[in-house]
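So the structure is just underneath, and the comments pick up after that.
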Amino acid sequence: MSAATTSVPPGTGGPAPGRARRARRVLPGFGLTLGYTLFYLSIIVLVPLSALLFKTFSLTWEQFWTAVTAPRVLASYRLTFGASLIAALVNLVFGLLIAWVLVRYTFPGKKIVDALVDLPFALPTAVAGISLTALLAGNGWLGRYLEPMGIQLAFKPAGVVIALIFIGLPFVVRTVQPVLEDSEKELEEAATSLGATRLQIFWKVILPSITPALMTGFAMAFARAIGEYGSVIFIAGNMPMVSEITPLIIIGKLEQYDYAGATAVAVVMLVISFALLLVINALQAWQRRHAGAPA
Amino acid sequence: MSSPVTTTPPAKRRAQAGTTEAPWVRWTLLTIAFAFLLLFLVLPLAAVFVEAFSKGIDAYLASLRDPDAWSAIKLTLITAVIAVPLNLVFGVAAAWAIAKYEFKGKAFLTTLVDLPFSVSPVVAGLMYVLVFGANGWFGPWLQAHDIKIIFAVPGIVLATVFVTFPFIARELIPLMQAQGNDEEQAAIVLGATGWQTFWHVTLPNIKWGLLYGVILCNARAMGEFGAVSVVSGHIRGQTNTIPLHVEILYNEYQSAAAFAAASLLALLALVTLVIKSVAEWQSEREQQAARDLPPERPTPH
C-alpha cells in the first residue's frame, strides 16, 4: 500500500506527512463513505460469514472431522480440485495463446473476438451448463461424432473439466493481455540483434515478463473453478464417488436438513477460498512490483 | 554459413523475426486460437438459440408466455432492480473511501470487499440460511413476526446482493486511484461542495467504468444460480428466477422450453457484451483525446 500512498501526489516530491494529512481534509466525505462501506460490508458479508463460523463451533471436533472426511466427501474434493487444476492449466496455455493473438496479430473481426472472450463472465452459469451438455451428449452436435469414437464427455468427470474450462477462460486472457500490450518491443529487438532466435526470445524475454500475470490469471481461474456450481451440475452426471463436486455435497446435505454437515464442508471450502484469495493478492502485488521495476 | 554470400539472408530474416513470428507460426497460432474459441464459446452460444427454436417459433413463444415463465422473468427483474442499485451506492462509496484517502487497514478492507468473489455461491447461500433460516440466528424471531426471508423473495435478493457485491467497487477503485485527487481538490479549493465535486468532476471521469461495472453486476444478478438455488426453495410461480426455471424445465426433459428461457439470458449476455465493449472503446477514445492534447493548452478566446 505504500506504493499507492506515494503515487497519489505525483509531483510533490517527498511524501510529506503533513501535506498528506491536509489533503485528506480537503476532500469531504471520508467519514460518510467509509462508515457506509463498513456498515454495508458488515450486513452483507461479515454477519453471514460469522454465522457460518459460529455454526461450526457448535460442532465437536469429531463431528466436524467425520463430516469433512467421509469417503464420499473426500472423493468430491479429489474431483473438484483435480478438475479445477486441469481446467486452469488448459486455460493457462490457451489463455496465453488467445491473449498473444489478440495483442500481436491483426485479423478481421478482432474487436468481436476480443469482446467474445468475456462471454463466460456474462453468460449465466446454468445456461452454459445445459448448452455444453446438449453439445456433448450422445445426440449433440459434438457428442454424436465423439461417442462412436469411444469418447464420452457428458455425464463423466471429463464433462466437469469442460465446464470449468469455459468458466475460467477469460481470467488468464484478461490478466495477460494488458501486460503484453505494455511490454516493450525494444527488448525483443535488442535480443534479436544479439542473435537470439524467436523461440529463445519468447522463453527468456517475453515469458519472464508475463509470468506474474500468468500466475495471477491461473490462480483466479482455479479459485473460480473450485466454487463453481451452476455450469457443472448439468454436465457432471452427479454420481456419488465419481462425478459429484463438493458444492453439490453441501446442497445434498442441506436437502436432508443436515445443516451441521453442510456447514462443516462449507467451512473447508471457505478456508481454501481464503487461502487462494491471499495467494492471488500476493501474486498481484508481485505483478505490480514486477511492472514497476524495469520501467 | 561460412561464405559471406549466404550469411546475409539468414541474418536479415532473423532481424525481421525479432518482432514477429514466421507466417506459418502466425497462421498456426491463429488457427488454434480460433478453433478453441469456436469450440468453447461460439458453439455453446449458438446451441442455446438452435435448441430454443428446435420446436418452431410458436413453441418458443408459447413457452415464454407460460405463467411460470412470466413470474420467473418478473422475479429476476425485481431482484436485479433491488440488488444493482444497492451495490451501486456501495461501490461508489467504497471506491471514494478507498481511492481518495489513506488510512490504516486499507489493504485489508480492499480484500474484504473482494471476498464474495472467492466464496462459492453455494456457501454464500448456506450462510444466509444459517442467519435467516428456521433454525438460524434470527429464525425464531422472524417466525414470531411472520416474516419470511429464506425460501422467499427477500432471501433471493440478499443472496444476489452478496454474489454481486464487489462488481462495481472493484471496477471503480483502480480507476479512481489512477485518476488521483488533483481535480477534486481544485474543485473544492474553488468553492464547490462535496456533492458538486462528485457530480461535476468525479462522475464524468468515472462514467464509463461505472457503466461497465453496473452492466456486469446486472448480468450476474439476473443469471445467478448457485446461491439463489440454495435460498429459493424452488416454489413454482413464486420463488423461481429465470435460471431456476431453466433448471426445472431441463430436469423435466422439456428441453426446448428450457432453452427458450435460457435464450433470454443468452440474449442478456450478448447485450451486456455489446454495452461493455462500447463503454471500453469510448473510454479509450477519451483517454486518447486527453493524451493528444498539447502539453500547453491554447489560450481560450
Side-chain angles (χ1 to χ4, degrees), chain A residues 1 4-5 8 20 24 26-30 33-34 36-37 40-41 44-45 48-49 51-52 55 94 97-98 101 105 107 115-116 118-119 122-128 130-132 134-135 165-166 169 185 188-189 192 198 223 227 229-230 247 250-251 259 262 266 269-270 273 276-277 281, chain B residues 15 17-19 21 26 29-30 32-33 36 40-41 43-44 47-48 51 90 93-94 96-97 100-102 106-107 111-112 115-116 118-123 126-128 130-131 135 137 161-162 165 180-181 184-185 188 194 219 223 225-226 243 246-247 250 258 262 265-266 269 272-273 277:
Chain A
M1 270 302 112
T5 320
V8 172
R24 187 186 302 171
V26 169
L27 281 189
F30 178 63
T33 53
L34 186 67
Y36 183 71
T37 302
Y40 189 76
L41 182 76
I44 300 296
V45 180
L49 204 62
L52 189 74
K55 181 79 183 171
F94 285 92
L97 185 93
I98 291 163
V101 163
Y105 303 156
F107 51 89
L116 198 67
D118 278 333
L119 181 72
L123 192 72
T125 52
V127 179
I130 62 169
S131 181
L132 288 169
L135 285 175
I165 292 174
F166 175 86
L169 175 64
K185 283 220 162 172
E188 292 171 43
E189 281 165 8
T192 314
R198 193 65 192 150
Y229 174 70
I250 298 175
I251 298 259
Y259 288 94
M269 291 206 70
L270 199 65
S273 306
L276 281 170
L277 187 64
N281 273 354
Chain B
T19 46
E21 290 77 38
R26 249 178 322 192
L29 293 181
L30 271 172
I32 299 172
F36 188 81
F40 277 93
L41 297 184
L43 271 187
V48 173
E51 295 280 340
F90 161 74
W96 186 271
K100 300 288 180 194
Y101 309 96
E102 292 306 322
K106 191 162 116 164
T111 309
L112 281 182
L115 192 68
S118 40
V119 174
S120 171
V122 171
V123 177
L126 171 66
M127 296 189 323
Y128 282 98
L130 292 177
V131 176
N135 301 315
W137 278 0
V161 167
F162 181 91
F165 181 86
N181 286 359
E184 280 84 358
Q185 282 173 2
I188 298 287
F225 179 75
V246 169
E247 184 202 17
Y250 189 81
L265 295 171
T272 302
L273 290 185
S277 304

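Heavy-atom basis, side chains included; hydrogens, waters and symmetry copies ignored. The sequence lines fix the lettering, A, B, ..., with proteins before strands; numbering per chain opens at 1.
- Exactly one of L115(B), L112(B), V119(B) qualifies for a side chain to side chain contact (heavy atoms under 4.5 Å, CB included) with V45(A). That residue is L115(B).
- For a residue to count as touching a neighbouring chain, one of its non-hydrogen atoms must lie under 4.5 Å from one of that chain's; by this rule D118(A) touches chain B with backbone and side chain alike.
- For chain B, no part of A128(A) is nearby; none of its heavy atoms comes within less than 4.5 Å.
- Note that CZ of F90(B) is 11.0 Å distant from OG1 of T33(A), once rounded to the nearest 0.5 Å.
- Heavy-atom pairs under 4.5 Å with chain A peak, among A269(B), A258(B), A262(B), at A269(B).
- Here the CD1 atom belonging to I98(A) is positioned 11.5 Å from the CG atom belonging to L29(B), to the nearest 0.5 angstrom.
- By the ring pair (Phe, Tyr, Trp, His ring centres under 6.0 Å) test, F36(B) is found to be paired with F94(A), F40(B), residues two or more places apart in sequence or in another chain being considered.
- Looking at L169(A), the atoms closer than 4.5 Å to chain B (heavy atoms on both sides) all sit in the side chain, from C-beta outward.
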(request) Start with the C-alpha gap between T111(B) and L277(A), add the side-chain angles, then the distance that decides, and say whether side-chain contact (heavy atoms from CB on, under 4.5 Å) holds. (result) CA-CA 8 Å; T111(B) 309; L277(A) 187 64; 3.7 Å; yes
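- Considering CG of L123(A) and CG of L273(B), their distance stands at 9.0 Å, rounded to 0.5 Å.
- Looking at L135(A), only its side chain comes within 4.5 Å of chain B, counting heavy atoms on both sides.
- A distance of 6.5 Å separates CD1 in I250(A) from CG in L126(B), rounded to the nearest 0.5 Å.
- With sequence neighbours excluded, no residue forms a ring pair (Phe, Tyr, Trp, His ring centres under 6.0 Å) with F166(A).
- Side-chain contact between Y105(A) and E21(B) is present, with heavy atoms from C-beta onward closer than 4.5 Å.
- K100(B) contributes atom NZ, which lies 15.5 Å from atom CG of L34(A) (distance to the nearest 0.5 angstrom).
- With chain B as the partner, the residue from P247(A), P48(A), A266(A) showing the most heavy-atom pairs under 4.5 Å is P48(A).
- For F162(B), the parts lying under 4.5 angstrom from a heavy atom of chain A are both the backbone and the side chain.
- Residues L41(A) and F165(B) have side chains in contact (heavy-atom distance under 4.5 Å, counting atoms from C-beta outward).
- Between the Y101(B) side chain and the F30(A) main chain, a donor and an acceptor come within less than 3.5 Å of each other.
- When all heavy atoms of P28(A) and W96(B) are compared, the closest pair comes out as O-NE1, 3.3 Å.
- If you measure heavy-atom distances from E247(B) to chain A, the contacts under 4.5 Å come from both the backbone and the side chain.
- In this structure, the portion of I188(B) lying under 4.5 Å from any heavy atom of chain A is its side chain and not its backbone.
- Residue contact with chain A, scored on non-hydrogen atoms closer than 4.5 Å, involves the side chain of V246(B) exclusively.
- If you measure heavy-atom distances from P121(B) to chain A, the contacts under 4.5 Å come from both the backbone and the side chain.
- Of all the listed residues (S118(B), A219(B), P116(B)), the one sharing the greatest number of non-hydrogen pairs under 4.5 Å with chain A is S118(B).
- Put simply, of V122(B), I32(B), V48(B), the one with the most heavy-atom pairs under 4.5 Å next to chain A is V122(B).
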